[in-house]
Amino acid sequence: MAASRRAAVLLLTVLAGAMVVFFAMKAAPGDPALSALGENARPELVAAFRRLHNLDLPVGEQFATWISGALRGDFGRSLTLAGGVPVGQLIAGRLPVTAFIGLYALILAGVISMIVGTVAALSRGTALDTLMTSFAVLGVSMPDFWLGYVLVFFLALNLPIFPSYGFVSPSDSLPGALLSGFLPALAIAAPMAAVFSRVLRAALLEVMHRPYVQVQRSLGLSSSFVFLHTIFRNALIPYVTIIGLQVRYLLGGVVVIERVFGIPGIGSLMVDGAFGRDYPVIQACALTFLVIVLGTNLLVDLLCARLDPKARGR
Amino acid sequence: MRRALRSRTLVVGLGLTLLTLFGVIAGPWITPFSPTEMDFIAVLTPPDMTHWLGTDSFGRDVLSRVLSGGRVSLFISLCGVGIGAVLGVAAGMTAAWRGGMFEVALMAACDLLFAFPSFVLALFMMVVLGFGLHNIIIAVALAYLPIFARLARNLTRTLMHEPFVQAARLMGQGGGRILLREILPNIFPTLLVQASVGLAFGIVMEAGLSFLGLGVQPPMPSLGVILADGREYFTRGPWVLTMTGLVVSVALLGLNLLGDALRDLTDPRLRQAAGP
Amino acid sequence: MSRLLEVRNLRVTAGPLAVVRGIDIDLDEGETLGLIGESGSGKTVACLSLLRLLPDGLRTEADVLIYKDRDIASLPEREFRPLRGRELAMVFQDPVGSFNPAKRIGWHLRTAIARAGHDGPWRERALELLDGVGIPQPAAVLERYPHQLSGGMLQRALIAMIVALKPSLIVADEPTTNLDNIVEEQILALFRDLQKRLAAGFIFITHDIGVAAQIADRIAVMYAGQIVETGPTADILAAPRHPYTRGLIATANALAARAETLAEIPGQLPALDALPPGCGFAPRCAQARPACAQPQPMRPVGPGHAMRCLLDA
């Protein structure tokens, strides 16, 4: 019952998101045909362009055509790119790249924050804690795209193992993708890692003072056992929750960083589309990001339910 | 108040924020260079005693440009977050008070906006509205509206059944009056914390959009425009991008620390835990 | 019966403040000591210090701390840790808070059984233990999460874990305070059963003298970080000598024993930073006199019975 209700809400959200994306774009000033073909295009060319992109239909019918196509992965044709390449094809080609970079950044942020947050919590009140928490506040304060450049400047130019520009697709070479994606992923991960480690530190400190931790110590269980199975295990619940909430900011970083590092993902596609006022591309990209956020939210909720038995009954 | 001053976070955060404000407001009077005047003898000079942050490819003083660009970025963030906060809080409080379909619809709209990455939402708005300063303000406002609407609605709901609100109701005060006179002053500190953090994010958002060329358009300087400039000749003059970003980071650090300190001060749970 | 625990002049300090001000405890195998006092009298802190479970910032010192003929005060943490659970164990006040909320009851029992060094399948042993503390349908309970069980059930499960570890000294810190009356009676009955089954010594902390009367062989009454009267339970109940103990018993008789501040005794515990120089109870005592401003030693008033008051000593 809860699952079907959840699926219905999810579907409705996607549908509502699609409507917002579509009609907001329609409301934008300017004629897409004229902006694609130029102000002085021949009328018969404009008419052909409109017919090709369904722009001659009434708006409601345009939406119906678009949404029914979108459900099958057909988002129409690009207005500007490669002589009207199907947008669905563009998205399908670039989604794995964005998924790779996003996941890479998420994993880096997870690893960094687990170390920083745990060390800070375990050394609470010492100089090490102050250092770690200061790094965390600094991390939130640095714009990720700027950090990306500084990383390139100081790491790639001095340590030639990391390429400073360009990206090897994970489908071509996984080690190459891991290496060429490292600096971009690190730039996206830094502000996330900062937020995550602050939450983890606070959660660990909170759990450490719970009575059940004292009870377990009173049973003579080793501190590493108590930390792993009890303190860390319970602190994971708020930690995973915050990761879910931050995914939408992480994807914002992905958009900028893809562009900065020349990574051919959905983000750089959307920025290209924005420059060309390529409506079908922008609509499809926005909708793809919506689905990614909803998908991760669902995953995080399921994960939280696994982690927190109290959340399962609800 | 004494406790407030003892908090190092607050002192550092407030200090950096005031320094930033002073810099961007008094900028034109404290730097000897104009942010737009070109000097083709001093093109791309590294930081020295004359040009603290060096000069750019047109020989313009980077510090002067950062201060005047900072003013534009801060203005955008302030207006964007301000508009988002005022509209969001008004909608959220009204929704909590009136309940019913209005509340359901508003919360559903917020959920929908929350399902887009915030930067993607802003980018999308820039395409719909067109690039430029006014439209960034609208994009930032739209990104913040749902955050404030949800926060104000949740806070109002927790206060609505408090005795002092019920008392005002029994005395026949109208809804609008109760919301403004009784509830708003109580939820204001929390909203302020959100606004100070939001201000930092607004600046990053402007910088990101303009950096990609989708926001403020040159020759008007903004932090994003200067950073984008610095990217053009990064290998010849890395200090432009590096130094500008460093200044931005320090300013944002001030705002974030201020937000942290204000949160500690306003959260009664933390206050109790901190001792007498 | 052999001596299990001997404590002389146990002190716990928090910076300049003295929380426990020199208490002596003697406990034999199979004996139960009832430690009575108001909240804040230092009884829980004293017992936590025995197991070295105090939070950072609290310091423990003692002239003598001998457990089973071993000086445990000088043991490094590495050697003391194995004693926890296996030798000295504790049952806490809040059964719901005593369990890791993310793990099933089965995990908790398995952990305790593994800690006890039990080899062979843990499940049979767990079922046997749960059955032994009167938990119905133990197989189903193993699958439950802590939030799905009542406080009484959880307290029984925790006791089952401690039974698995077979410690020689069990401290029970108000184990029935958060439970309702019927469950309280059941848990007390369980403790009386344990007293017979295990050859352990018990320190039973309570603010309820009626509970102590049911379960303790001897009683020690704590006030403001000191033991003010100690003796065999029957003697203390029949002939309390210290004015504070008399007040406690009068209160219990007035059926107000569950109240946190005692109706029969005016005033409240002195603050830790404002302890009177002499008898801690003097400011609330109807029979106080100028000499009470001097520190009072323990004075023997009968066989095994002593108190810290200059009245009819």
Side-chain angles (χ1 to χ4, degrees), chain A residues 114 120-129 199-201 203-243 300-314, chain C residues 44 47-48 50-57 77-78 80-105 107-117 143-148 154-155 157-158 161-162 164-165 167 170-173 178:
Chain A
M114 284 218 187
L122 289 181
S123 59
R124 183 191 190 181
T126 66
L128 193 61
D129 178 25
V199 170
L200 183 62
R201 174 182 179 273
L204 286 172
L205 288 177
E206 220 257 327
V207 177
M208 272 179 204
H209 293 101
R210 289 294 177 85
Y212 50 79
V213 172
Q214 197 180 41
V215 170
Q216 299 208 336
R217 288 183 57 212
S218 82
L219 297 173
L221 301 172
S222 71
S223 17
S224 55
F225 181 92
V226 176
F227 184 80
L228 209 64
H229 291 274
T230 301
I231 300 176
F232 192 72
R233 177 66 179 67
N234 282 284
L236 268 183
I237 298 164
Y239 179 71
V240 170
T241 308
I242 198 74
I243 290 181
V300 166
D301 280 2
L302 293 176
L303 191 59
C304 276
R306 275 200 69 80
L307 287 174
D308 182 8
K310 283 185 210 165
R312 237 169 280 174
R314 281 183 229 132
Chain C
T44 300
C47 290
L48 284 173
L50 290 180
L51 273 85
R52 296 199 193 168
L53 289 174
L54 289 175
D56 296 341
E77 172 63 22
R78 175 171 45 82
F80 186 82
R81 206 259 298 168
L83 299 184
R84 276 195 215 107
R86 297 307 309 274
E87 293 290 341
L88 312 115
M90 193 154 171
V91 180
F92 292 84
Q93 189 171 356
D94 170 18
V96 181
S98 294
F99 283 79
N100 179 348
K103 303 280 190 184
R104 295 172 204 268
I105 303 301
W107 178 86
H108 288 88
L109 275 142
R110 199 177 66 200
T111 305
I113 290 166
R115 168 85 183 95
E143 302 303 316
R144 293 271 180 279
Y145 283 98
H147 73 275
Q148 295 169 318
L154 289 172
Q155 202 61 294
L158 185 66
M161 289 162 69
I162 286 171
L165 292 165
I170 298 175
V171 178
D173 182 9
N178 286 340

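Just so it is clear, the values below take in all heavy atoms, side chains as well, and ignore hydrogens, waters and symmetry mates.
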Tell me, side chain or backbone of C/Leu83 under 4.5 Å from chain A's heavy atoms, or both, or neither? neither
At a 4.5 Å cut-off on heavy atoms, which part of C/Asp94 comes close to chain A: side chain, backbone, both, or neither? side chain
Chain C shares the most heavy-atom pairs under 4.5 Å, among A/Arg233, A/His209, A/Gln216, A/Gln214, with A/Gln214
Ignoring hydrogens and angles, tell me if any N or O in the side chain of C/Arg84 forms a donor-acceptor pair with the backbone of C/Leu51 under 3.5 Å. yes
Go through the atoms of A/Ile237 and report whether side chain, backbone, both or neither lie under 4.5 Å from a heavy atom of chain C. neither
Under the criterion side chain to side chain contact (heavy atoms under 4.5 Å, CB included), I'd like the reasoning laid out for C/Ile162 against A/Leu219: C-alpha separation, chi angles, the key distance, then a yes or no. CA-CA 8 Å; C/Ile162 286 171; A/Leu219 297 173; 4.3 Å; yes
Please determine whether a side-chain nitrogen of the Lys or Arg among A/Glu206 and A/Arg210 lies less than 4.0 Å from a carboxylate oxygen of the Asp or Glu. yes
With only heavy atoms counted, which part of A/Ser222 is less than 4.5 Å from chain C, the side chain, the backbone, both or neither? both
Measuring only between side-chain heavy atoms, which start at C-beta, is C/Val171 closer than 4.5 Å to C/Leu48? no
Would you indicate whether the side-chain heavy atoms of A/Tyr239 and A/Leu204 approach each other to under 4.5 Å? no
When the 4.5 angstrom heavy-atom criterion is applied to C/Pro101 and chain A, the contacting part is both
Please classify the contact of C/Leu53 with chain A as side chain, backbone, both or neither, using a heavy-atom distance under 4.5 Å. both
So do the side chains of A/Phe232 and A/Phe227 get within less than 4.5 Å of each other, counting heavy atoms only? yes
Using non-hydrogen atoms and a 4.5 Å limit, figure out which bit of C/Arg115 sits close to chain A: side chain, backbone, both or neither. side chain
Who among C/Lys103, C/Arg86, C/Arg104, C/His108 has the most heavy-atom pairs with chain A under 4.5 Å? C/Lys103
Donor-acceptor pair, A/Arg201 side chain versus A/Ala121 backbone, under 3.5 Å? no
Roughly how far, to the nearest 0.5 Å, is the NE2 atom of A/His229 from the OG atom of A/Ser224? 8.5 Å
Cut-off 4.5 Å, heavy atoms of chain A, and the answer for C/Ala102 is both
Less than 4.5 Å to any heavy atom of chain A: does that hold for the side chain of C/Phe92, its backbone, both, or neither? side chain
